[in-house]
There are 2 protein chains.
Amino acid sequence: MKENYKLPCNIAQTLNIVGDRWTLLILHEILVGASTFNEIKKGLTGISSNLLSDRLKYLEQSELVSVSLYSEHPPRYSYSLTESGKELEPVFHSLLIWGRNNLDKCYKKLVHEACNHEVEQTFYCAHCDTSVEEEDLVVLPVEEEVSSRA
Amino acid sequence: MKENYKLPCNIAQTLNIVGDRWTLLILHEILVGASTFNEIKKGLTGISSNLLSDRLKYLEQSELVSVSLYSEHPPRYSYSLTESGKELEPVFHSLLIWGRNNLDKCYKKLVHEACNHEVEQTFYCAHCDTSVEEEDLVVLPVEEEVSSRA
DNA sequence: TCTACTAGGTTGATTTTTTGAACTTAGTGT
DNA sequence: ACACTAAGTTCAAAAAATCAACCTAGTAGA
């Protein structure tokens, strides 16, 4: 396995998997419905076949994408996201919202289906059953889960 | 300006700014407190001086980072995030949470400071004053804001 | 049957990015 | 005077991405 960033940080390690050029966009394309090689390629103007092919292989190996052969003769493949892949949705949403608020030209917005109004991101603490603001969050080291169970 | 991805998509356009190798990690490093060139460089094992220098210039030009000369003689600069830069915090949080749930080896977790329990991401609709689940969200095109004000 | 076309890629050359190491300039500390 | 730090710059080499052409297998039409 390649090891781009050698930093003891979730973000760096996550970016080692999804941070390469085109990778997040490929995953997003599959998330929004593209399922065959050419559908993905058509959705991503400018990507080359060999790169898409390489990335799909890497993503399959990383278990973010699963591939199924839906026709043996001729061979036809269908790409879909695994659970891990689907869990990237909040990442896409946060990038979309950032773009909405900060890009000169933005294309999409994220709305509450029921009322058609735009939403914000927040955090929820299941333990306190309350919503938590950015400023009440802390990033803590994970120490092999010793103390958190005691 | 460079134009990597030519796609009509917030995510692609956002990644045109922050999607280059090392860029998100540089922003994150500044977010968590690094302020001088060498502090940033020390936090990011493996980055080379010229790349860090290039990225900082690009980020300044993109108005995600602001630079101030805090000593004229010798010249010493201090880097900090602009409002746009700080708004990337939810992106970092969502990457951190993804890593927490999906990496083999993870280093950090995001907790509610008051109770020390981990939080989840949700969305909040100000109009309905309610929290909205992933499945009740839709991505809609932004059309020069004609209909949404009427 | 011949031709064109689609899906799903592979191959190889060229170009662009990154890395890596050395060097610079200006000042500090001993 | 000498070593050392901050904040970079310069240039060569290596790695990654782009681009265009090619390939295999099948399908559709004339």
Side-chain angles (χ1 to χ4, degrees), chain A residues 1-7 12 15-30 33-62 65-80, chain B residues 1-7 12 15-30 33-62 65-80:
Chain A
M1 206 216 279
K2 86 192 133 97
E3 178 131 335
N4 288 321
Y5 305 120
K6 304 182 218 303
L7 301 169
L15 291 175
N16 271 342
I17 303 174
V18 301
D20 288 336
R21 187 150 161 66
W22 292 107
T23 299
L24 275 173
L25 295 178
I26 293 168
L27 291 164
H28 183 248
E29 205 59 26
I30 300 174
S35 70
T36 68
F37 189 91
N38 280 320
E39 274 170 23
I40 300 169
K41 192 168 188 312
K42 267 169 204 142
L44 299 176
T45 313
I47 197 174
S48 57
S49 298
N50 55 352
L51 192 73
L52 178 54
S53 178
D54 290 353
R55 290 289 191 269
L56 287 170
K57 275 171 203 154
Y58 182 71
L59 289 170
E60 186 188 5
Q61 182 196 305
S62 307
V65 162
S66 67
V67 185
S68 62
L69 186 75
Y70 68 83
S71 154
E72 194 128 5
H73 237 63
R76 291 289 177 270
Y77 300 94
S78 159
Y79 298 90
S80 58
Chain B
M1 208 217 279
K2 85 194 133 101
E3 178 130 335
N4 288 320
Y5 306 120
K6 305 182 218 303
L7 301 170
L15 290 176
N16 272 341
I17 303 174
V18 300
D20 288 335
R21 186 150 163 69
W22 291 107
T23 299
L24 275 174
L25 295 177
I26 292 167
L27 291 164
H28 184 248
E29 204 60 26
I30 300 175
S35 72
T36 67
F37 190 92
N38 279 320
E39 274 170 23
I40 300 168
K41 193 167 187 309
K42 268 170 204 141
L44 300 175
T45 313
I47 198 174
S48 57
S49 299
N50 57 349
L51 193 75
L52 178 54
S53 177
D54 290 353
R55 290 289 192 270
L56 286 170
K57 275 171 201 153
Y58 182 72
L59 288 170
E60 184 187 7
Q61 182 196 305
S62 306
V65 162
S66 67
V67 185
S68 61
L69 185 74
Y70 68 83
S71 153
E72 195 128 3
H73 236 64
R76 290 290 179 269
Y77 299 94
S78 159
Y79 298 90
S80 58

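Letters go in sequence order (proteins before strands), and every chain restarts at 1. Computed from a prediction, not measured in an experiment: that's the story for all the values here.
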Problem set entry | Lys/Arg cation over aromatic Tyr5(B): Arg21(A), 6.0 Å, 45° cone |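 Here Arg21(A) passes the 6.0 Å and 45° test against Tyr5(B).
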Distance, rounded to the nearest Å, where [X] contributes [atom1] and [N] contributes [atom2]:
X	N	atom1	atom2	answer
Leu25(A)	dA17(D)	CG	P	13 Å
Ile47(A)	dT16(C)	CD1	P	19 Å
Asn4(A)	dT17(C)	CG	P	17 Å
Leu51(B)	dT16(C)	CG	C1'	13 Å
Ile26(A)	dA17(D)	CD1	C1'	12 Å
Arg21(B)	dA15(D)	CZ	P	13 Å
Leu52(A)	dT18(D)	CG	P	11 Å
Leu15(A)	dT18(C)	CG	C1'	17 Å

Partner residues of [X] under the side-chain hydrogen bond (donor to acceptor under 3.5 Å, both in side chains) criterion, sequence neighbours left out:
X	answer
Asn50(B)	Ser48(B)
Asp54(B)	none
Ser66(A)	Ser80(A)
Ser62(B)	none

For this session: Could you check which of dG20(C), dT18(D), dT18(C) has an atom nearest any side-chain atom of Trp22(A)?
Result: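 So the side chain of Trp22(A) is nearest to dT18(D).
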Exercise. Can a side chain N or O of Arg55(A) be found less than 4.0 Å away from OP1 or OP2 on dA17(D)?
Worked result: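 Checking dA17(D) against Arg55(A), a side-chain N or O does come within under 4.0 Å of OP1 or OP2.
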Shorter than 3.5 Å, N or O on both sides, protein versus nucleotides 7-13 of chain D: list them out with atom names.
from	atom 1	to	atom 2	distance (Å)
dA7(D)	OP2	Thr36(B)	OG1	3.3
dA7(D)	OP2	Asn38(B)	N	3.4
dG8(D)	OP2	Tyr79(B)	OH	2.5
dT9(D)	OP1	Lys57(B)	NZ	3.2
dT9(D)	OP2	Ser53(B)	OG	2.6
dT9(D)	OP2	Lys57(B)	NZ	3.1
dC11(D)	N4	Asn50(B)	ND2	3.1

For this session: State which residues pass side chain to side chain contact (heavy atoms under 4.5 Å, CB included) with Tyr77(A); sequence neighbours excluded, sorted by chain then number.
Result: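 Val67(A), Leu69(A), Pro75(A), Tyr79(A).
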